[in-house]
Amino acid sequence: MIKMMTINDIEKKWQKYWDDNNTFVAKNNSDKEKYFYLVEFPYPSGSGLHVGHVRSYTAIDTMARKKRMMGYNVLFPMGWDAFGAPAEQYAIKNHIHPKEAVAENIKTFKGQIKDLGISFDWSREFSTTDPEYYKWTQWQFIKFYEHDMAYKAKKSINWCPNCKTGLSNEDSSGGTCERCGSVVVQKEKDQWVLRMSDYAEDLITGLDETDFQERIKTAQINWIGKSTGAEVDFKIKEIDEKLKVYTTRPDTLYGVTFMVIAPEHPYIDLYSGIINNMNEIIDYREKTNFKTEFERLNMTKEKTGVRIDGLTAINPITNKEIPIYISDYVMMNYGTGAIMAVPAHDDRDYEFASKFNIEIIPVIEQITGEQRENEEQKNSIVAVIYDEENNKYLTLNWKELGGRLFIGGTRKDNETALETAVREIKEETGYTDIRFIKEISPINHHYFAYNKNKAYEIESIGLLFKLISDKKETNNLDEDEKGKFEIEWVSREIIEKEVKDELHITTFRNLLAENNYYAGDGKMVNSGILNGLTNKKESINKMLEYLEKEGIGYKKTNYKLQDWIFTRQRFWGEPIPLVCCDECGWVPVKEEDLPVLLPDVAEYEPTDDGESPLAKIESWVNTTCPKCGKPAKRETDTMPNWAGSSWYWLRYMDPKNDKEFVSKEALNYWGQLDWYNGGMEHATRHLLYARFWNQFLYNIGLVPYKEPFKTRVAHGMILGEGGEKMSKSKGNVINPDDVVKKQGADALRCYEMFIGDYEKEAAWSEQSLNGCRRFLDKVIKLQDKLNNSDEYSSSLEKIINKTIKKVTEDIDNMKFNTAVSALMILTNEMTDKEEISQKDYRTLLTLLNPIAPHITEELNEINHLGNPLCESAWPTYDEEKIIDEEKEIAVQVNGKLRGTIICAINDTEEEIKEKALSDSNVQKHLEEKEIVKVIVIKNRIVNIVAK
RNA sequence: GCCUGAGUGAUGGAAUGGUAGACGUGCCGGACUCAAAAUCCGGUGGCAGAGAUGCCGUGUGGGUUCAAGUCCCACCUCAGGCACCA
């Protein structure tokens, strides 16, 4: 064996080679086709690189390296997202400037990444905290401001009392601070806000132009939360004023029996004069404001509320008077802050109505069975009797006549459902000592009676009874029913399994359900103009038409996406480049005066009064107005840490430009980002902010594409050895540095590519890592078998061609685990051979190079196989060479494998059939059977169907 | 609750509707060694059988098909996202 350096030395050697030769530096003007890969730039935290970073960096590196070998001009840059609280905290503690802490961390991160041999173009590196970079972040903020897309408003914002800063909706979802987990409180504060909600629709439709993973698209769509419905005005009896609500179900308007407004709804203060129980209401309002942490986190759904005494609404369609409540289950920041409540068809309204004893009017009947023409109408009941002692229900087993059913029957004229049920129970079973428990809303059932050749539409009411005692009276059955069924008490499980009749099983389930609201489709009842309709869309449209005609309401679309609160009361962020002048108001800093630099001070403590730490630095705050020159004050809030990452991919195209944020030429050349990888945790926030930002730039003509990212993929997390999330407290954190030192960067890379499906999470395994190192050892050993030939060995040619195809396609599809597997198979195959050719070996090394770049380069060099792999072409395969002349195919008899036969590629179907039938084991299974047909799928399978 | 995914050996995971379990790990047996590690060779879904082979087997229950891990329906479980959003 040729003497080799240690793995670590080899890796260092090639990393230096790539650096010295600018191997991965992308050119901004090239005849080659461009390709732009990006992994999310990290926040350089003090704890260093995580093995999770290694997974995604290696994956995209593998793709980028292969793409370069295929002749593309690849841009694969890296930088740092370094504004943010941890650096600030560290600085506060150690009385240094956060930029020093950041510089230190970047150094560590960069060293670690370099040790992995990731092919980043370091010539384009920058940090969001570089004044040369944040100058342009500020410049773009001014563009937002100039286009009226940024406004200052006193807003009730999410305030984290621990971090002492405001948060966006995205950063405080679930009512807790994303960073520290504290319960977020609402606080009124003047904030800069970007009109992101204007882009809600574009952010949804734009997704159609992208190729994002489905789960990412859904996450975004969910977050934006589009809903279509109507705004409807409800008159208030006592005053000349209307209460506007938003609803997605105007078809249920006839079922509205009360209204609810949010505790913060302005009407409360506005009409406090005529509200009789103001004290109670104010009391309630305060309580909801100070919900305990426990209640927030557990999202206790127990409904609370207070009826407003003095205000009564009028249902605009029934003209009935209905009460108005305040309750915290209605949010002020969505819709109109008021709802119409339909307890029969909405779970929350149902719960509220049950608690406050409000009338429930069903307007939609559930439908079972299939509708036919010329149906005869009937009223009927389904009665369920429960034997609590034995936990069983009474059923009638009609055997082949109708299977297992409950007691059913037709209602006679002038008979209530309850009367019918009691009568039928007595007639069919004889039981009389029963107690009525409840009755549920009717079900609209359709069925066809074959014995009478007639279709029925029945309105069936379900009733539940409890058995008190076994006392029976003799049943008096009709002649035709006698002896046709058995009375059987059975468990719930048996009922679920054996009761097939849709009406009966649905009734049973509804009777046992805790909440008797129905949110599905059905037949409209009690609904005036809508009565009889069975199509929800049609009902909604008909009602909308009516509302518009009467001037009561109109169509409306709502989004959950809110405007983006763009200010933080922190030191370590981009200063907002605006100046407040007594005469001129808010004035942007002139472009030539950008960037507005952060001052070099050593005190950054956030203040308790909610002011930014910058506010205390008077020398910084006091300035002159860019417009009139008079004394003025700077805005002291800074941008959120999402700002810098909202456009950074653009800067990579032209990172050194000091005239523009990026040149037109660079924008046109690099175009859209082709492949963007990042964590699932950024699928909503970062990705929405970035898309919004880019769409705005597009709309004002600054970038050529509306959608910035063609493809977005998210990697699965790497878990600790036990399958749990890696964390310091659990002590299961794997430090990539240690792995690199012990097994080498190539083994680590190879392992992380082999660990499993890239999109799914995977648990770390030391053993499996060893396996990958063993694989690389095998590849190294292969050099002992080299002969002098520079053609493929004939015995390997086929598998090499197959492997080229497999690896090429797998890398393109991010199926790295099977790519590695194919390379292992090839390596095993080569290991079995006496000798291998130079071309055999070089092809293997080339295919493996994107995954394990150091060792393959070294083996290529010391065995004099050719130019460095990073400067060579990706191998191609010959489709013809892949075809097997002979193939073993399976023979099945009635779908079961009974033998295998060897078939030549050009065997006719007849020949294959003959071979199959002559197989001894196949013959054995055909004994005493008649062949019905023989299915021959060439090159795949033979299936003999026999009886 | 709603929306995504996913359920396959001891284990990570492979399988254009066509021989389930590739490849890796682990385990068992063997070689080398004084011994161990490393390395190499063989075996490895379950049950029955000396073996040939047979039966069973991809979360559960149905269905479509000559043929289902794969397609359809219902359900169960797990993970992720959203969540009192009207």
Item to complete: Look at the side-chain N and O atoms of R898(A) and state whether any lies under 4.0 Å from the OP1 or OP2 oxygen of U53(B).
Response: no
Worksheet item: Contact class for V330(A) (heavy atom, under 4.0 Å): base, sugar-phosphate, or nothing?
Response: base
Worksheet item: Which of these nucleotides, C55(B), G26(B), A86(B), is closest to any side-chain atom of T247(A)?
Response: A86(B)
Worksheet item: If you check the S768(A) side chain, which of G24(B), U19(B), U53(B) turns out closest?
Response: G24(B)
Discussion item. Within 90° of 0 counts as syn, otherwise anti: where does G49(B) fall?
Written reply: anti
Practice prompt. Compare side-chain N and O positions of K896(A) against OP1 and OP2 of C56(B) and report whether any pair is under 4.0 Å apart.
Written response: yes
Worksheet item: Quick one: ring-ring contact (aromatic ring centres under 6.0 Å, His included) pairs with a partner in residues 806-833 of chain A, sequence neighbours left out?
Response: Y758(A)-F816(A)
Discussion item. What is the separation between atom CE on M680(A) and atom P on G81(B), rounded to the nearest whole Å?
Written reply: 8 Å
Worksheet item: Who is the Watson-Crick or G-U wobble partner of C47(B), with both distances under 3.5 Å?
Response: G54(B)
Item to complete: Identify whether any heavy atom of K815(A) sits under 4.0 Å from a base atom; if not, whether one sits that close to sugar-phosphate; answer base, sugar-phosphate or nothing.
Response: sugar-phosphate
Practice prompt. Please figure out whether N333(A) or G771(A) has its closest RNA chain B nucleotide nearer the 5' end.
Written response: G771(A)
Worksheet item: Under 4.0 Å between a side-chain N or O of N828(A) and OP1 or OP2 of G24(B)?
Response: yes
Worksheet entry | Watson-Crick or G-U wobble partner of G42(B), both distances under 3.5 Å | C28(B)
Item to complete: Flag the pair D884(A) and K798(A) as a salt bridge only when some basic side-chain nitrogen lies within less than 4.0 angstrom of an acidic carboxylate oxygen.
Response: yes
Worksheet item: Within a radius of less than 6.0 Å around NZ of K242(A), do more than 12 heavy atoms belonging to other residues, nucleotides or ligands occur?
Response: no
Worksheet entry | Presence of S227(A) side-chain N/O under 4.0 Å of A86(B) phosphate oxygens OP1/OP2 | yes
Worksheet item: Looking for any heavy atom pair under 4.0 Å, which part of the strands does N558(A) touch: base, sugar-phosphate only, or nothing?
Response: nothing
Practice prompt. Would you classify I825(A) as touching base, sugar-phosphate or nothing, given that sugar-phosphate means primed atoms plus P, OP1 and OP2, and contacts are heavy atoms under 4.0 Å?
Written response: sugar-phosphate
Worksheet item: With a non-hydrogen cut-off below 4.0 angstrom, is T900(A) in contact with a base, only sugar-phosphate, or nothing?
Response: base
Practice prompt. Identify whether the distance between the nearest side-chain nitrogen and carboxylate oxygen of K947(A) and E930(A) falls below 4.0 Å.
Written response: no
Practice prompt. Name the nucleic acid region contacted by N943(A), choosing base, sugar-phosphate or nothing; use a 4.0 angstrom heavy-atom cut-off, strictly under.
Written response: base
Worksheet item: Quick one: is R774(A) getting a side-chain N or O under 4.0 Å of the G26(B) phosphate, OP1 or OP2?
Response: yes
Worksheet item: The side chain of H925(A) lies closest to which of these nucleotides: G54(B), A79(B), A22(B)?
Response: G54(B)
Worksheet item: Within the modelled atom types, does a donor on one side and an acceptor on the other bring the side chain of N222(A) and the base of C82(B) under 3.5 Å apart?
Response: no
Item to complete: Just compare A83(B), U39(B), C66(B) and give me whichever is closest to any side-chain atom of W223(A).
Response: A83(B)
Fill in: Base partner of G5(B), which must satisfy Watson-Crick or wobble distances under 3.5 Å
C78(B)
Worksheet, complete the sentence: Y329(A) has its side chain closest, among C84(B), C66(B), G24(B), to C84(B)
Item to complete: May I ask which nucleotide in the shown strands pairs with A86(B), Watson-Crick or G-U wobble, both distances under 3.5 Å?
Response: none
Worksheet item: Nearest nucleotide by nearest heavy atom, which residue falls closer to the 5' end of RNA chain B, N921(A) or I755(A)?
Response: I755(A)
Item to complete: Remember a base hit wins even if backbone is also touched, and classify H345(A) as base, sugar-phosphate or nothing at under 4.0 Å, heavy atoms.
Response: nothing
Discussion item. Quick check on side chain to side chain contact (heavy atoms under 4.5 Å, CB included): which of V891(A), V942(A), N943(A), V945(A) does V934(A) satisfy it with?
Written reply: V942(A)
Discussion item. Distance criterion of 3.5 Å, no angle test: do you see the side chain of K303(A) paired donor-to-acceptor with the base of C84(B)?
Written reply: yes
Worksheet item: Which part of the nucleic acid, if any, lies within contact of E759(A), taking any heavy atom under 4.0 Å across all strands shown: a base, the sugar-phosphate backbone alone, or nothing?
Response: nothing
Worksheet item: Counting side-chain heavy atoms from CB outward, which of G18(B), G26(B), A86(B) is closest to Q892(A)?
Response: G18(B)
Fill in: N-O pairing of R712(A) and E40(A) below 4.0 Å
yes
Practice prompt. Looking at every strand, decide which applies to K217(A) at a 4.0 Å heavy-atom threshold: base, sugar-phosphate, or nothing.
Written response: nothing
Discussion item. Once you apply a heavy-atom cut-off of 4.0 Å, does S327(A) come out as touching a base, just sugar-phosphate, or nothing?
Written reply: nothing
Worksheet item: Within the structure shown, what part of the strands sits under 4.0 Å from M331(A) by heavy-atom distance: base, sugar-phosphate, or nothing?
Response: base
Discussion item. Any salt bridge linking K785(A) with E835(A)? Criterion: basic side-chain nitrogen under 4.0 Å from a carboxylate oxygen.
Written reply: no
Worksheet item: So what's G61(B) paired with, Watson-Crick or G-U wobble, going by both distances under 3.5 Å?
Response: C73(B)
